[in-house]
**Student:** 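I'd like to ask you about the structure that follows.
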Amino acid sequence: MKNKVLLNLLLVIGGLMSCGEKDILKSDVPDVYVINGDTIKSRVEKEISLLKERTRFIKSLVIVGDTTVFIPPVRPGAPPQPSLDLREFQRSENKGKPFQYYAYGSSLTAGFRDGGYFNDGMETSYPVLIARQMGLTDFKTPTFAHQNLNGVGRLVLTHFNPTGGPAPKFKLVNNNLGISVNTEKDFEMEKNREVSQLKNWAVANSERWQLLQLFKDGGENIFADRLGDNEYSVYCEKNPADLVTLESGYTDLVKMVNGEALAGSFDAIIPWGAIGNNEQRLAWGTTNLVTGERKRLLCVANIPDPMDTPLFYVVTAREVYNSLLVKRDLVFHSNTDLDNSVFLMNSTLDSLLSPRVSLALKEDIVVNKRTKLGGPMDVRAYYSEFVSNSVYNNMRYKNIEIEILSERYNFPVVDLHGLFKKIREGKFITDDGVQVEFKYPGGNFYSNDGFYPTAFGQAVIANEFIKALNKHYGMKIPLIKTREYLK
């Protein structure tokens with residue numbers, strides 16, 4: 001990582017301090033409610049305890065129970081009028097047909113939000129917002145049926161704090177889910193019934209190698225599975241797009257900093273070799289995506305730095321240092337720069353900083369009783385430097401690769417890396433005058449999970465894509481009024 005920063009990354013330890021306590025809130029939830037004219041009956045998943053670990057996609061977050069909620073969807077104003085004339089940007093074979101825009105990516109593109117994947121997040125994902133600004137009425141994203149609108153993994157902030165520690169606490173939404181447990185205790189996710197009509201082909205929680213190989217070579221992903229057997233690669237390779245947007249790599253790094261990708265996924269996000277060997281992967285196995293008679297307009301996002309996100313700044317390294325009354329040397333180097341070190345907030349750190357946890361238990365957290373060395377809190381030189389350097393170097397290599405391909409094939413790059421950094425520094429104001437906040441939780445850009453954006457944040461990202469398309473290709477897509485997406 002950058003020379004100044006030492007990443008003290010703490011792995012999640014489940015179950016500390018009664019983090020499974022249940023507290024279902026029903027008072028504000030109607031028995032039925034109406035979505036787009038359909039009456040939906042509230043339905044609680046009985047086997048929610050079995051789903052908790054399977055749907056815990058951001059491992060560092062502290063979940064203290066589950067709850068029944070209905071959150072009204074974001075409803076922006078009317079789309080721009082009149083619709084754009086996009087005929088000059090169409091491929092010859094699409095003349096006379098509606099303009100075709102396809103989006104590919106991982107969680108960020110899919111509309112992953114608040115730790116989960118649900119209808120409102122998908123319907124306010126940046127590709128949907130771009131399509132809306134372009135006047136495209138047939139841009140479909142793989143939403144769940146209305147009665148399953150809460151999808152999977154959605155978290156809501158709670159004031160229930162059993163540890164008294166500084167980590168934000170969350171409850172898992174347990175009603176009207178798109179995933180269930182059958183009689184054999186196996187998980188079942190609702191299949192999308194409009195696969196042939198989809199335009200947003202982003203797959204939540206997917207890794208870069210899976211996306212670039214169209215999920216042909218394995219790798220379990222329940223979100224890809226719901227799009228049908230083998231249909232993902234079939235429709236991607238035959239898509240008739242005039243415009244393609246692509247984002248990948250950020251989810252890999254989010255997994256890595258959460259301790260999920262130290263081995264298996266590590267090789268998947270370092271360069272496969274020479275830049276030339278990556279051209280076909282970026283173009284899904286064929287250069288006709290960006291060259292030749294079937295050339296499409298292409299716009300690619302680079303990869304943000306996950307350490308520009310707010311979960312690393314809930315507490316400072318100095319606060320952690322001051323809280324350690326035992327075995328401080330097992331956590332910090334003697335030459336650690338406390339002002340330039342960061343910790344990822346998680347349940348272990350929350351317990352360590354809690355006023356309700358005894359010193360004896362805190363010592364157990366820090367010390368491995370068998371080896372008398374660092375235990376779960378072991379963040380000595382090898383581990384911290386390996387993770388931080390791996391994250392930074394992988395991000396840097398991939399962003400260099402994208403820039404090289406951009407110059408070679410003449411497509412614009414959306415600088416999400418720069419955007420996230422400006423937001424962390426408090427230096428980004430939207431074109432309609434909104435200060436984008438780094439605050440967490442409760443800020444306007446980051447959702448409850450601390451890594452993925454709110455609806456407003458998606459609108460900010462959509463505008464960055466729109467500005468890149470307008471500048472590079474001469475398109476005249478109107479910018480989004482981001483204020484309409486503030487709660």
Side-chain angles (χ1 to χ4, degrees), residues 79-106 108-111 122-123 125-142 194-203 211-212 214 227 231-248 279-302 402 405-414 458 461-480:
Q81 296 292 337
S83 298
L84 290 175
D85 185 353
L86 298 169
R87 288 176 293 181
E88 67 175 290
F89 304 104
Q90 286 187 284
R91 291 160 47 195
S92 58
E93 62 193 77
N94 283 346
K95 296 297 184 182
K97 302 176 183 178
F99 188 87
Q100 300 294 305
Y101 163 40
Y102 280 65
Y104 296 90
S106 55
L108 188 64
T109 304
M122 284 186 262
E123 290 169 347
S125 62
Y126 75 79
V128 172
L129 304 186
I130 293 170
R132 190 173 187 267
Q133 294 302 106
M134 297 175 75
L136 307 181
T137 59
D138 64 343
F139 189 89
K140 290 190 178 296
T141 196
E194 299 180 313
V195 173
S196 63
Q197 302 175 47
L198 291 182
K199 300 297 176 65
N200 188 350
W201 281 90
V203 178
L211 175 69
L212 298 184
L214 302 179
L227 301 181
E231 291 183 348
Y232 190 94
S233 61
V234 170
Y235 283 109
C236 288
E237 290 175 338
K238 294 183 177 180
N239 84 72
D242 297 301
L243 168 65
V244 170
T245 59
L246 171 65
E247 165 272 325
S248 71
E279 296 167 12
Q280 291 186 328
R281 289 185 172 91
L282 186 62
W284 303 291
T286 173
T287 55
N288 70 11
L289 179 68
V290 291
T291 61
E293 294 180 359
R294 301 183 70 236
K295 180 178 179 180
R296 302 157 171 86
L297 303 184
L298 178 65
C299 187
V300 179
N302 65 14
I402 290 169
L405 292 172
S406 168
E407 294 178 5
R408 182 171 299 173
Y409 291 114
N410 191 30
F411 60 78
V413 174
V414 178
Q458 289 279 355
I461 291 172
N463 271 348
E464 295 305 295
F465 272 89
I466 290 171
K467 284 186 275 190
L469 290 168
N470 288 348
K471 180 178 180 180
H472 190 85
Y473 294 116
M475 305 179 85
K476 298 180 181 179
I477 308 169
L479 293 178
I480 297 165

**Student:** Taking C-beta and beyond as the side chain, do S125 and T109 meet within less than 4.5 Å on heavy atoms?
**Tutor:** no
**Student:** To the nearest 0.5 Å, what is the distance between CD1 (I466) and CD1 (I477)?
**Tutor:** 5.5 Å
**Student:** So for atom NZ, which belongs to K95, do other residues, nucleotides or ligands contribute more than 12 heavy atoms lying within a distance under 6.0 Å?
**Tutor:** yes
**Student:** Return yes if some donor-acceptor pair links the side-chain N/O of Q458 with the main-chain N/O of L108 below 3.5 Å, else return no.
**Tutor:** yes
**Student:** Taking atom CZ of F465 and atom CD of Q133, what is their separation to the nearest 0.5 Å?
**Tutor:** 14.5 Å
**Student:** Atom CE of M134 and atom NZ of K476: how far apart are they, to the nearest 0.5 Å?
**Tutor:** 14.0 Å
**Student:** Identify the two heavy atoms, one from V244 and one from A241, that lie closest to each other, and give their separation to 0.1 Å.
**Tutor:** CG2-CB, 3.7 Å
**Student:** Ignoring hydrogens, what is the shortest heavy-atom contact between I402 and A301? Give both atom names and the distance.
**Tutor:** CD1-O, 3.7 Å
**Student:** To the nearest 0.5 Å, what is the distance between CG on D138 and NZ on K97?
**Tutor:** 12.5 Å
**Student:** If you take all heavy atoms of I480 and A462, which pair is closest and at what distance?
**Tutor:** CD1-CB, 3.5 Å
**Student:** Which heavy atom in F411 sits nearest to a heavy atom in L405, and how many Å separate them?
**Tutor:** CE2-O, 3.4 Å
**Student:** Hey, what do you get for SG (C299) to CG (L243), rounding to the nearest 0.5 Å?
**Tutor:** 7.5 Å
**Student:** Among all residues two or more places apart in sequence or in another chain, which pass the side-chain contact (heavy atoms from CB on, under 4.5 Å) test with A131?
**Tutor:** Y101, L136, F139
**Student:** Looking at every non-hydrogen atom in both residues, tell me the closest pair between M475 and F99 and how far apart they are.
**Tutor:** CE-CZ, 4.4 Å
**Student:** Taking the six-membered ring for Trp, are the ring centroids of F89 and Y473 within less than 6.0 Å of each other?
**Tutor:** no
**Student:** Please list all pairs meeting side-chain hydrogen bond (donor to acceptor under 3.5 Å, both in side chains) that have one or both residues in residues 461-470, counting only residues at least two apart or in different chains.
**Tutor:** D431-K467, E464-K467
**Student:** What's the separation between atom CG in L297 and atom NE2 in H472, rounded to the nearest 0.5 Å?
**Tutor:** 8.5 Å
**Student:** Determine whether a donor-acceptor pair (N or O, by modelled atom type, separation under 3.5 Å) exists between the side chain of Q100 and the backbone of P98.
**Tutor:** yes
**Student:** Mind running side chain to side chain donor-acceptor pair (under 3.5 Å) on S106 and E247 for me, showing each step along the way?
**Tutor:** CA-CA 7 Å; S106 55; E247 165 272 325; 3.1 Å; yes
